[in-house]
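Structure first, then comments.
Remember, it's a predicted structure, so these values are computed and weren't measured experimentally. Atom set for the values below is all heavy atoms of this structure, side chains included, hydrogens, waters and symmetry mates excluded. All chains are named by letter (A, B, ...) in the order of the sequence lines, taking the proteins before the strands, and each is independently numbered beginning at 1.
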Amino acid sequence: MDVTPILDSLNDAQRTAVAAPSEPLLVIAGAGSGKTRVLTHRAAWLIDVEGISPQSLLAVTFTNKAAAEMRHRIENLLNMPASNLWVGTFHGLAHRLLRRHWREAKLPQSFQIIDSDDQLRLLKRLFKSLNLDDSSFAPRDVQYFINAQKDEGLRPQHIDDGGDETRRQLISLYQSYQEICDRGGLLDFAELLLRAHELWRDNPAVLEHYQARFRHLLVDEFQDTNAIQYAWLRLLAGKTGVLFAVGDDDQSIYRWRGARVEHIYRFQKDFPTASIVKLEQNYRSTSTILNAANAVIANNSSRMGKNLWTDGKDGEPIRVYSAFNERDEAEFIVGRLRDWSEQGHARTDAAILYRSNAQSRVLEEALMNARIPYRVYGGLRFFERQEIKDALAYLRLVSNRDDDSAFERVVNRPTRGIGARTVEAIRAYGRDNSCSMWRAAGAISSDALAGRGAKSIVAFMSLVERIARESEPLDLAGKVDHVIQQSGLIEFFRKEKGEKGETRIENLEELVSAARGFNPDIAEEGMSELDGFLAHAALEAGEGQADAWEDCVQLMTMHSAKGLEFPLVIMCGLEDGLFPHQRSLNDMSGLEEERRLCYVGITRARQLLYLTHAEQRRLHGMDSYAQKSRFIGEIPAELVEEIRPKVQVSRPVSPSPALRHKSDRTSLRAGSAADIGVRLGQRVRHAKFGDGVILNCEGHGAHARVEVNFESAGSKWLVLSYANLDLM
DNA sequence: ATGATGATATTTTTT
DNA sequence: ATATCATCAT
């Protein structure tokens, strides 16, 4: 066998990993070190060189995108389609297993997946039915609690309340929530994983079958595995399965979502025969950028330890800009993007990264003004849109009447006179009799004592029955079309004012197209095509922002930038309190995770990296002042070039009074700055307070006052004629 | 059943 | 500043 095509393009470390013997292996793959390449080449190596059947291979990722890319690249390497190769997300694979083994997993055959939005609604409803709204629980917190428990693999009976009343209630809510889900055959995302784990744990025969089949397990982004995913992997690996895990402890940024980087540290304990390979050569960034990243992450204590290097060029220094405020920051960024375009680069190659989504607004305004096309990542996705979820809820009812989540969503949508009281009555009946709302509704409406609501309920139920009956013989797209027509949703949205309703109708029509184009290759093991489509909708919510294939600047959070790279990266809002975020400042582990996030951000850049921060920022409607992020200070000074606004002591010019009064308040302010001989954003030195920046000014002549944000003393108003400021 | 009012909170996101 | 949500009024 000629191994050249598989090993040739690899460096030594990559080659060691790819051609490693069949023992557990942990690959610590630094940013830009060719992680996906190693993973895919390993798969190709096993199949082509070791002669392992694709069937014996399981490749696991976190996102659908990563899974699709991995399959694509493996097939390219093998030069053939590998349909019997299992590549998928943890959730996708778990789902597949549960469909296959629904009996052993004690699930109804047509179980449905609910997303986090459904989950939250379900909890809110549960709160209502328990009259809990006045309690001290927020549904969100309970949702978080439940998911955190599930991520750890814990059922209500496993959790100790520790004698704490609040905790006891949380556990009991978890219990009630789970009962509702079980009754309706509903699985939330965490439940998929938990069930798949329990399936194997409780059915040795099933487990053995998969252990015998999957000899090699390839895992991507290993640092992001949560407890249940890791347990699942270990079960599958058993004593003989070969786990090939690729990850980077320095890029672990999802602890708040259950990810446990400790799995990386534990790897050798859990797999005593395991070895470790480190990929440290980086093919992405200039050495300046890498050195900065290395220096920043070196401040973290618990690390595996690694140092990225490149044999490429030093490149440009990292440019740091201290903006006067967030608008100045945005203006600066716009300027750099203009330069970038003028140098003949594509806008697509430039990314603006920020810590939190709220920061995008100012940037968008500035870009809009400057006519620079941009694209913001991470909006609402197709299958998450309200109208789409409404239509899907009808489809879910068609598939399974006991789906309470779907029932409540559309029972009065479009409005058909079933108000809160009626729904409440159904809910109560369902709770008291441990039955689904559909059955509760049936019972109530046949009760002669029922009031006006009963008629509407009967109408709703027969509508659903009719849709189900009529769509029975239709193909998937036909079913979807039938539902959106007959449910009255189209009519309902047509009445909605503005363009919104129109868009919604277009989206509904798009849903029919999506159904037509749905490739039911996942629909296997006796799952109906409809159930397959519904699962697909839940597991792959679709692109955040479709098309817009204009040459656009990319805006996104640093979290969503993980895994991407751009020739030009601008990280903005680098202020203590924003990044690192206020809520992470208190404990060490929080701060270290922020620092890893910073590391992720820096290592996205290929050639050019800008870091910006603002002295003053309007946040939540309040002006706040912050020091520049400590992370900037952690970058060695020799890698950094500070960019300052051109400092020029403007000569006091008095505009004519007429002109002054004509202007509005903001320009009056700016005018008065020139008036008294200072410039907003100008750096000054005070004998007592030290260095600072002028943020604001007011008044004229002897009464003129300026607001200065001092680096150590904070923000102060000073009367200019007394303050004796040195302009710098 | 829709619309106005006021209180409240406001990292990060995939599945 | 703003978005979401509950509550109350129409």
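- If you take CZ of A:Arg125 and C1' of C:dC5, they are 16 Å apart, rounded to a whole angstrom.
- A salt bridge links A:Arg195 to A:Asp182: one of the charged nitrogens lies within less than 4.0 Å of a carboxylate oxygen.
- Remark: A:Asn400 pairs with no residue by the side chain to side chain donor-acceptor pair (under 3.5 Å) rule, at least two apart or across chains.
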Next on the checklist: Working note: A:Leu539 + A:Thr89, criterion side chain to side chain contact (heavy atoms under 4.5 Å, CB included); need CA distance, chi angles, decisive distance, verdict.
Outcome noted: CA-CA 9 Å; A:Leu539 288 174; A:Thr89 63; 5.8 Å; no
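- Here A:Ser405 pairs with A:Arg396 under the side chain to side chain donor-acceptor pair (under 3.5 Å) rule; sequence neighbours left out.
- The cationic atom of A:Arg385 (NZ for Lys, CZ for Arg) does not lie both less than 6.0 Å from the six-membered ring centre of A:Phe382 and within 45° of the ring axis.
- Note that CG of A:Leu597 is 12.5 Å distant from CG of A:Asp250, once rounded to the nearest 0.5 Å.
- For A:Leu619 and B:dA9, the CG to P distance is 17 Å, given to the nearest whole Å.
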Provide a list of protein-nucleic acid N or O atom pairs under 3.5 angstrom, restricted to nucleotides 8-10 of chain C.
none

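- Judged by the 6.0 Å distance and 45° axis criteria, A:Arg99 is positioned over the aromatic ring of A:Phe111.
- Across B:dT12 and C:dC5, the matching P atoms stand 16 Å from one another, rounded to whole Å.
- Taking the charged nitrogens against the carboxylate oxygens, A:Arg504 and A:Glu491 have no contact shorter than 4.0 Å, which rules out a salt bridge.
- Every residue two or more places apart in sequence or in another chain that forms a side chain to side chain contact (heavy atoms under 4.5 Å, CB included) with A:Ala366 is listed here: A:Ala330, A:Glu331, A:Val334.
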When you compare the protein's N or O atoms with those of nucleotides 11-15 of chain B, which come within less than 3.5 Å of each other, and at what distance?
| from | atom 1 | to | atom 2 | distance (Å) |
| --- | --- | --- | --- | --- |
| B:dT11 | OP1 | A:Arg583 | NH1 | 2.6 |
| B:dT11 | O4' | A:His581 | NE2 | 3.3 |
| B:dT11 | O2 | A:Arg355 | NH1 | 2.7 |
| B:dT11 | O2 | A:Arg355 | NH2 | 2.1 |
| B:dT12 | OP1 | A:Asn357 | N | 2.6 |
| B:dT12 | OP1 | A:Asn357 | ND2 | 3.0 |
| B:dT12 | O4' | A:Arg355 | NH2 | 3.1 |
| B:dT12 | O2 | A:Trp256 | NE1 | 3.4 |
| B:dT12 | O2 | A:Arg355 | NH2 | 2.6 |
| B:dT12 | O2 | A:His559 | NE2 | 3.4 |
| B:dT13 | OP1 | A:Thr557 | OG1 | 2.6 |
| B:dT13 | OP2 | A:Asn357 | ND2 | 3.2 |
| B:dT13 | O4' | A:Arg257 | NH1 | 3.2 |
| B:dT13 | O2 | A:Arg257 | NH1 | 3.4 |
| B:dT14 | OP2 | A:Arg381 | NH1 | 3.3 |
| B:dT15 | OP1 | A:Asn64 | N | 2.8 |
| B:dT15 | OP1 | A:Asn64 | ND2 | 3.3 |
| B:dT15 | OP2 | A:Arg381 | NH2 | 3.4 |
| B:dT15 | O2 | A:His91 | NE2 | 3.4 |
| B:dT15 | O4 | A:Ser116 | OG | 2.7 |

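- Across all strands shown, A:Lys562 has no heavy atoms under 4.0 Å from either base or sugar-phosphate atoms.
- For B:dT14 and C:dA3, the C1' atoms lie 23 Å apart once the distance is rounded to whole Å.
- Ring geometry, A:His263 versus A:Phe222: the interplanar angle falls from 30° to 60°, so the pair is classed tilted.
- Note on A:Asp151: nothing from the nucleic acid sits closer than 4.0 angstrom, heavy atoms only.
- Residue A:Arg361 contributes atom CZ, which lies 18 Å from atom P of B:dT10 at whole-angstrom precision.
- When all heavy atoms are compared, the tightest approach of A:Leu187 to A:Leu98 is CD2-CD1, 3.8 Å.
- Both key distances under 3.5 Å define a Watson-Crick or G-U pair, and stretches of 3 or more such consecutive pairs in DNA chain B run B:1-10 with C:1-10.
- B:dT13 and C:dT4 have their P atoms separated by 16 Å, given to the nearest Å.
- Between the C1' atom of B:dA9 and the CD atom of A:Gln582 lies a distance of 15 Å, rounded to the nearest Å.
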